[in-house]
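None of these values were measured; they are calculated from a predicted model. Basis for what follows: all heavy atoms, side chains included, without hydrogens, waters or symmetry-related copies. Throughout, a chain's letter reflects where its sequence line sits, starting with A, and its residues are numbered from 1.
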Amino acid sequence: MATAFSSPRDEIELNNTDPSPPANSKCNVCQKPASFMCSSCGLNGPRYCSIDCQTQGWREGHYRLCKGNEQARATARSRTPNTQTDNTADTAATDVDDDTSLSRVQTRNSGISRFGAAQIINSRQRRASQTAANNQDGNIPMVELQAGETATDAQLDEEEYADELRFYIRQIYLVIQPVVICIILSIFWVKVSFSGTSDYAPVRPSYSIGSSSASTTTGTSSSSSVVSSLTTALVIVGQIVVVTVAIVFFFRKGWIKVLIGFFMIVVLGLLGFMTYLLLLNLIQVFFIPLDYITMVFALWNFAVVGLISIFWKGPLWLQQAYLTIMSSLMAFSLTGLEEWTTWMLLGLLAIWDLIAVLCPFGPLRLLIESSRTQQREVPALLYSVNAVWFMASMEDHFRISRSFLPQNGHVIGTNWIFGGSSRNSSASNLQELQAQVNRSNAHTPEPVADTSTNTQFGQARSESPEPLKEAHTIHNWRHSSGPQGAVIRGPQDGNGFTRLRGESVNTIEINSTDHHLETNPTTTLETDTVTPNPQRSDSDETPPDEEDAERSGLKLGLGDFVFYSVLIARAAMYDWITTVCCTVAVLMGLTATIFLLVLWKKALPALPISIALGVMFYFVAKAVLVPYVGALCVLGMVAV
Amino acid sequence: MPSLDKMSGTEILSVGKKMFYGGFAFLPLLWLVNVIYLWPTLKRTDVPAQLRRYLIYSILGCLAWFIITTTWYALFVNKRVTWGATADRITVVIPKGV
């Protein structure tokens, strides 16, 4: 029921002042005598006195000008690489270049969100007009040169931007698709088992306590039944709260195996027992003759293979299918509750979700924080989406970014787990991130563990015998990191590059990153971390766990799946009109949550908006739409 | 969960082996998953050749189980009425009216 949403990191636009082209053999960064140059740009490129300076120069904007990068971009667009500035034009170019890039910095720093299309476009136009104005002062060849540059620049930006948009749209699609499937499955189960021909429809579980159990059976809207359904709902929510707190407790204690064992039992129970119950419904409604031998055999296969593929290994689509089915089974098992119990349960859960995720001492939030400080992955039941995306494409990204990711080691949990208590692990807001950065600055031992990417990057440079080659890889990487390659940018990754990499990566804020770009904390952090652990560099060679990349993306706790489905299953028990209305409302709520997620860039509870909309739509539809359509049919105004 | 691309050939082989032996616990579905999961890796050069053998055995075992279960089920469905009470005893839910 909690959510784990995480948006992939925004790409940080480092539109810095472009380093001026070679002032012969002086370092472009510190103006000392230089002995290195950029391997990709060759003689026309910038010079550097040391690898550190090259690193800095790269970060300060050379990556944008570098020929290696240009070529990578050009080949990516299957276009001929456009020629860099000539040496002759260099000195003249510098002024104009600086102006335009400065303006770029300003406009970018004003905090462009990924979806702030208008802003970006505006800033681009501004930039373009400024360059044009600047160019009028320059001499003629320069004008052409500059115009060409900005044109390609803008084109590049447009492309990157379009890429990002596509990435987000795909993410949203990837998260909504399983939700829809889960909802449809639940509707199907409900429609089948409550069609009246089944003796095995779920009955209300005996949650009610003591004296109220008698009154649960007496029907409708007497005050006692309200009280009893409230008690039932409270009991269920209480169980969920207890389980959540227990998970947080175990996690903080570090008893991961206990957690995994617990999750395995839950999954096995769901896949085994609930499938059995559902099967009873199905075979009765559809008159399937089935013997126990076959059924036990099939159930055994289904449950065990599900367990293996969820917790150990299996094709990704199988894992996702199992998780979706599991959620719908869970929702099915909850349809036995009374109507008012269901609504109260959903309302309480939405509130609990808000508390757990957003309150400073909410258990889910504590879970996230402790997982970050302990650098351990949360074994949570999350439907994470990105694996699909990564498997579908972008092998290049993997290959290139691999060398910069430290080995993740053995994965503790699974990405997917179950949960009435599943939680988003992907949350943090700006304050947290900054706090993290500060903390790791404060404690010197900590930065050692928190190797940021930039650190990795720096190390790779500082220890490679051949800096030029390194630089080239970095160019490619920088370029090819479209939306998700963004995994590795910016100072905030200081904490991200631990076990929990995915989580913090997901929640980077552009603004903060931009601010950090030029400010000292980041650089101090980097230098701090670079020096103490040179041994990390060998991890550069080892391929990282896919988790790194996989986990930057939208994540949705399975609990959210379950309770969306519960809501819609309850609606499906009334009428098709309410079913459809609620489905639309829930999906709308989900989309709105994702939108807010993109705006706020922190973990959000996925339940409240969807549940509120769903409940509202249900009652409105029930009170207005259903009688209205009924009346229309009766009056013959609709051809049925 | 690391993807197959990131796993070395020997790791993939061990996964295939484990899934193959695990399949003997009346788990033909596991064999099927094994084949579907690992078959694409056969193209890779670093995967040991034994993997193909395990996968083929998995296919065979899966087929055998498929034949067994379908035969049994066909028998059961067709002979259920004639078997009478014995069949009723092993039927999960006796279909109404048949």
Side-chain angles (χ1 to χ4, degrees), chain A residues 197-200 276 279-298 300-319 384 387 390-391 395 398-399 402 408-411 413-416 542-550, chain B residues 1-8 11-12 14-19 21-41 46 61-62 65-66 68-81 83 86-98:
Chain A
T197 51
S198 172
D199 300 333
Y200 299 99
Y276 171 66
L279 218 55
L280 288 183
N281 282 297
L282 291 181
I283 62 182
Q284 188 172 35
V285 171
F286 294 113
F287 302 114
I288 304 168
L290 190 67
D291 57 314
Y292 275 111
I293 302 168
T294 317
M295 190 186 71
V296 168
F297 181 71
W300 166 252
N301 271 278
F302 179 73
V304 173
V305 171
L307 209 60
I308 288 174
S309 66
I310 290 173
F311 288 98
W312 187 49
K313 284 185 172 63
L316 184 77
W317 56 268
L318 190 70
Q319 295 171 337
S384 90
F390 270 92
M391 286 172 85
E395 297 188 355
F398 262 148
R399 194 171 47 70
R402 187 182 299 166
N408 204 10
H410 156 251
V411 186
T414 49
N415 255 352
W416 325 77
T542 58
D545 216 305
E546 193 177 44
E547 297 284 295
D548 309 341
E550 267 179 24
Chain B
M1 202 161 299
S3 88
L4 284 178
D5 307 336
K6 298 291 174 55
M7 286 160 57
S8 70
E11 275 173 324
I12 290 178
S14 91
V15 169
K17 227 192 265 183
K18 280 175 191 158
M19 281 201 175
Y21 288 124
F24 282 110
F26 305 102
L27 288 171
L29 192 59
L30 192 61
W31 280 334
L32 187 66
V33 169
N34 190 14
V35 173
I36 294 174
Y37 185 42
L38 296 183
W39 194 262
T41 62
D46 61 332
C62 193
W65 267 112
F66 181 74
I68 292 170
T69 45
T70 44
T71 318
W72 159 251
Y73 190 65
L75 269 180
F76 174 78
V77 169
N78 289 306
K79 303 285 182 175
R80 190 174 61 86
V81 181
W83 285 349
T86 3
D88 280 355
R89 212 173 304 135
I90 59 166
T91 307
V92 179
V93 177
I94 299 169
K96 292 171 183 166
V98 185

**Student:** Under 3.5 Å, is there a donor-acceptor pair between the side chain of A/W300 and the main chain of B/A25?
**Tutor:**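 Looks like yes, one N/O pair under 3.5 Å.
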**Student:** Should A/V304 and B/F26 count as side-chain neighbours, where that means a heavy-atom distance under 4.5 Å?
**Tutor:** no
**Student:** Quick one: ring pair (Phe, Tyr, Trp, His ring centres under 6.0 Å) partners of B/F24, sequence neighbours excluded?
**Tutor:** B/F20, B/W31
**Student:** Highest number of heavy-atom pairs under 4.5 Å with chain B: which of A/N301, A/T294, A/V305?
**Tutor:**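 Of the candidates given, the most pairs with chain B belong to A/N301.
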**Student:** So which part of A/L318 gets closer than 4.5 Å to some heavy atom of chain B, the side chain, the backbone, both or neither?
**Tutor:** side chain
**Student:** What part of B/T91 gets closer than 4.5 Å to chain A, counting heavy atoms only: side chain, backbone, both or neither?
**Tutor:**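 For B/T91, backbone and side chain are both near chain A.
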**Student:** Count the heavy atoms belonging to other residues, nucleotides or ligands that lie under 6.0 Å from CH2 of B/W83, then report whether that count exceeds 12.
**Tutor:** yes
**Student:** Let me confirm one number: the CG-NZ distance from B/N34 to A/K313, rounded to the nearest 0.5 Å.
**Tutor:**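 Going from the CG atom of B/N34 to the NZ atom of A/K313 covers 12.5 Å.
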**Student:** Is it the side chain or the backbone of B/Y73 that comes within 4.5 Å of chain A heavy atoms, both, or neither?
**Tutor:**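 Side chain only.
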**Student:** Please flag which part of A/F286 lies under 4.5 Å from any non-hydrogen atom of chain B: side chain, backbone, both or neither.
**Tutor:** neither
**Student:** For A/I288, which atoms come within 4.5 Å of any heavy atom of chain B: side chain, backbone, both, or neither?
**Tutor:** both
